[in-house]
Amino acid sequence: RRAESTRICAQGDAMEEDQTSIWEDESIPDWLKIEKGMLVRTFGLKNESFNGLEGLVMSDIKDGRFPVTLRAKTGEEVKARIKPFNLEIVEEELMYLGHGRNAEWIRLNASADALASLSNCEVSTIAGTGKAGHKDGPANETLMALPHGIAYDDDGSLLIADTYNDCIRVLSPSGEMTTLVGNPDEDPGLADGTGTDVRFYMPLGIARHPSGDFIVTDGYNQALRRIRRSTRKVTTVGYIERDKENRWAAGGPFKGQLMGVSVSSNGAVFMTDAQVDQIMTVGRVERNISQEELKEMKWNKTAPPPDLAILSFSGEGSSGSRDGDFEYARFAQPEGIIFDEENDVLLVSDYHGHRIRQVDMEGDVITVAGMNAEEQYAARGHVDGPVTSARFHHPHALAFDKWRNLIVAEDYHVRIISPDGNVQTLAGEGPNDKPRDGPGLLSRFQRVYDIAMAPNGDLAVTDTFNNKIRFIHRNLDANGNPQPFSDDA
C-alpha cells in the first residue's frame with residue numbers, strides 16, 4: 001500500500017468514483033460524530049489502496065459526503081469527498097482549535113487552504129511600512145528601525161523601544177505615531193532630561209512600572225532608565241555593577257548587554273543580560289567614587305551617580321543551560337523575562353538554549369519547556385506538543401494572556417503554552433523574508449522580538465527585522481477557548 005502512495009495521490013479524482021461502501025447499512029452511526037476540523041482516517045473502501053490515509057475534514061457534510069484533504073505517506077495531497085461511514089475519527093478534539101495530540105500533524109501536513117481554515121487568529125500590520133527609518137504620523141505611514149520592546153499603557157497606547165533610532169515611540173489607540181523621548185537625529189549617548197534632550201544607546205526592553213512610569217533597558221549604555229510619560233522626563237535609576245569592589249563604570253566596552261525587563265506588582269525590577277548569561281536585578285550598594293573618577297566618566301556631569309546598581313540575581317555567568325541553584329545554573333543568552341505573580345517566580349526565554357526556564361525568588365533555576373535539561377543546549381526546532389517534548393527555535397520574549405496561557409515569541413512564530421502544559425503554534429508559517437498578514441498559520445514574521453497583551457486580550461508583537469508592529473486578533477469565547485473564524489471573516 002505504501003509503495004502505491006504516489007500513484008494513489010496522482011489519482012485524486014479516481015477516489016470520487018471508487019467510494020462504494022462495503023457497509024450494508026449506510027446510515028451514520030451515532031458514535032461517528034464527524035465535524036469540520038477533525039482529523040480522520042479512511043477505511044472500508046473497496047479499493048484497499050485508498051484505505052488508511054489520514055486527513056482533515058475541510059467543511060461540514062454536503063450531499064451526504066465530507067470534503068476531506070488526505071495526506072499520503074509520500075507527503076502528496078488528495079482532495080476527496082467521502083461518505084461518513086468510510087471515515088474513523090483519529091482525534092476527537094476539533095483541530096481548528098489548535099489543541100489535541102494531532103495538532104502537530106495538522107501544522108506539518110495540511111494544505112494552505114486547510115491551515116487558513118484551522119487558524120483561530122488573524123494577523124494584521126498596525127504600524128510601519130517595512131522600510132527602516134524614522135517618521136511619525138499615521139501608523140500605516142510611519143517608519144521604525146528594528147523596534148524591539150513594547151508595552152501597553154492604561155489608556156491603550158503602545159510604547160515602543162525603537163532601537164536603532166535610539167528613542168521611545170508611542171502608538172496611540174487612534175493610530176498616530178509620535179516620538180516620546182530621545183532624538184534619532186543626534187548621536188546615541190546617555191543623557192537624562194526631557195523630550196528630545198534625552199539620549200539612549202539602543203534601548204531594547206520596556207515594561208510598565210506600578211507607578212505608571214516605564215522602565216527601559218538601555219542596551220549599550222548598560223543602564224536602566226525610567227520614563228515619566230506625562231512630563232516626558234527620563235532619569236537613570238541603575239547602572240551595571242562592574243567589579244567585586246562595587247565600583248561602577250561608564251563608557252565601553254561593556255561586559256554585558258541588558259535586554260528584557262519585567263516589573264512585579266510591588267515594583268521589583270528584573271532584567272536579562274544576554275552577554276554575561278545572567279538574570280539581573282536592581283539593588284543598593286555603597287560607593288566611594290572620587291571626583292577624579294567622576295570626571296573621567298561619560299555620564300551626565302550635572303548629577304551624581306545613583307545609589308542603585310544592576311546586580312546579578314541568578315546564573316553562574318557562563319553560557320549553558322544547566323539547572324540548579326543561583327550560583328550553579330547557566331543560561332545561554334537569556335532574552336525575554338516575565339514575573340509570574342501567581343507563582344512568585346520568573347520565567348525566562350533562553351535564546352540559544354531553546355528553552356523556557358523558571359527562576360524562583362532564591363535565584364534557583366529549572367527548565368519548564370523544551371526539556372533535555374542534562375544537555376548543554378536543547379535540540380532546537382519547531383515541534384508542538386507537551387512541554388516535555390516540544391521544541392523551540394530561538395525564543396525571544398514571553399507574555400501571559402488573561403487566561404494564564406504563556407505566549408512565546410520566536411524568530412518566525414508565536415507559540416502558546418497552555419496552563420496544562422501543551423505547546424501549540426498560534427501564528428507564523430516559518431522562515432521567510434517576506435512579511436504576510438492573514439490567517440495565523442499562514443502569516444509570516446522576521447524575528448518576533450516582543451509581545452504585549454492589548455486591553456481587549458489580543459496581542460501586539462514587534463516584527464523586528466520587518467520594521468513593523470503586528471497585531472494578532474484571536475477569536476476566543478468568554479473562557480478563553482479558541483473558536484473558528486466564520487468563512488467570511
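Heavy atoms only: backbone and side chains are in, while hydrogens, waters and symmetry mates are out. We're numbering straight along the sequence, starting at 1.
Results of the side-chain hydrogen bond (donor to acceptor under 3.5 Å, both in side chains) test with His396 over Asp450, Thr464, Asp411 single out Asp411 as the only residue that passes. Between Glu410 and the choices His354, Arg447, Arg415, the side-chain hydrogen bond (donor to acceptor under 3.5 Å, both in side chains) rule is met once, by Arg415. Across Asp340, Val365, Asp323, Ile366, a single residue satisfies side chain to side chain contact (heavy atoms under 4.5 Å, CB included) together with Gln358, and that is Ile366. When the options Asn165, Asp162, Asp136 are evaluated for a side-chain hydrogen bond (donor to acceptor under 3.5 Å, both in side chains) with Thr179, the one that passes is Asp136. Screening Gln275, His352, His394, Gln257 against Gln333 for a side-chain hydrogen bond (donor to acceptor under 3.5 Å, both in side chains) leaves a single residue, His352.
A cation-pi contact links Arg470 to Phe445, judged by a cut-off of 6.0 Å to the six-membered ring centre and 45° from its axis. Cation-pi check for Arg444 over Tyr412 is not met; the charged atom does not lie both under 6.0 angstrom from the ring centroid and within 45 degrees of its normal. For the pair Arg357 and Phe331, the cation sits on the ring face: its NZ or CZ lies under 6.0 Å from the ring centre, inside 45° of the axis. Stacking of Arg322 on the aromatic ring of Tyr328 is recorded, both the 6.0 Å distance cut-off and the 45° axial limit being met.
Residues Leu204 and Tyr449 approach most closely at O-CE2, 4.0 Å, considering heavy atoms. Nearest approach of Asp166 to Met202, heavy atoms of both residues: OD1-N, 2.7 Å. The shortest non-hydrogen separation linking Thr217 to Leu224 is CG2-CD1, 3.9 Å. A pairwise comparison of heavy atoms in Met177 and Ala127 identifies CE-CB, 4.0 Å as the closest pair. Between Ala397 and Ile451 the shortest heavy-atom distance is O-CD1, 3.9 Å. Of all heavy-atom pairs spanning Ala161 and Pro203, the tightest one is CB-O, 3.8 Å.
Between His413 and His393, the distance from one ring center to the other does not fall under 6.0 angstrom. Between Phe313 and Phe326, the distance separating the two ring centers is not shorter than 6.0 angstrom.
Within the 4.5 Å cutoff, side-chain heavy atoms of Phe200 are placed close to those of Ile168. The closest side-chain heavy-atom distance from Leu159 to Leu180 is below 4.5 Å. Between Val68 and Arg81, every side-chain heavy-atom pair lies at or beyond the 4.5 Å cut-off. Using a 4.5 Å heavy-atom threshold, the side chains of Arg474 and Ile416 count as touching.
No more than 12 heavy atoms of other residues, nucleotides or ligands sit less than 6.0 Å from atom OH of Tyr201. Within 6.0 Å of CZ in Phe270 there are more than 12 heavy atoms belonging to other residues, nucleotides or ligands.
With 3.5 Å as the limit, one finds no donor-acceptor pair spanning the side chains of Ser124 and Asp437. In summary, the side chains of Ser318 and Glu316 do present a donor paired with an acceptor at a separation below 3.5 Å, with no hydrogens or angles considered. Side-chain N/O atoms of Asp420 and Asn422 include no donor and acceptor closer than 3.5 Å. Donor-acceptor pairing under 3.5 Å is recorded for the side chains of Arg169 and Thr142. Inspection of the Thr425 and Asp384 side chains reveals an N or O donor paired with an N or O acceptor under 3.5 Å. Looking at Glu335 and Thr272, their side chains never bring a donor and an acceptor atom within 3.5 Å of each other.
A distance-only check finds no donor-acceptor pair linking the side chain of Thr462 to the backbone of Ile469 [under 3.5 Å]. Counting only distance, with no hydrogens or angles, the side chain of Asp360 and the backbone of Asp364 share a donor-acceptor pair below 3.5 Å. Side chain of Asp401 to main chain of Trp403: a donor-acceptor pair is present (N/O by atom type, distance under 3.5 Å, no hydrogens or angles). Ser262 contributes a side-chain N or O that, together with a main-chain N or O of Phe339, makes up a donor-acceptor pair within less than 3.5 Å. A distance-only check finds no donor-acceptor pair linking the side chain of Ser312 to the backbone of Met280 [under 3.5 Å]. For His148 (side chain) and Leu146 (main-chain N/O), a donor-acceptor pair under 3.5 Å exists by modelled atom type. A donor-acceptor pair under 3.5 Å is formed between the side chain of Asp155 and the backbone N or O of Ser157. Counting only distance, with no hydrogens or angles, the side chain of Ser443 and the backbone of Arg436 share no donor-acceptor pair below 3.5 Å. The closest donor-acceptor contact from the side chain of Asp153 to the backbone of Gly156 lies at 3.5 Å or more, if one exists at all. Ser319 places no side-chain N or O within 3.5 Å of a backbone atom of Ala332 that could act as its donor or acceptor partner.
Rounded to the nearest 0.5 Å, atoms CD (Glu176) and CG (Leu171) are 9.0 Å apart.
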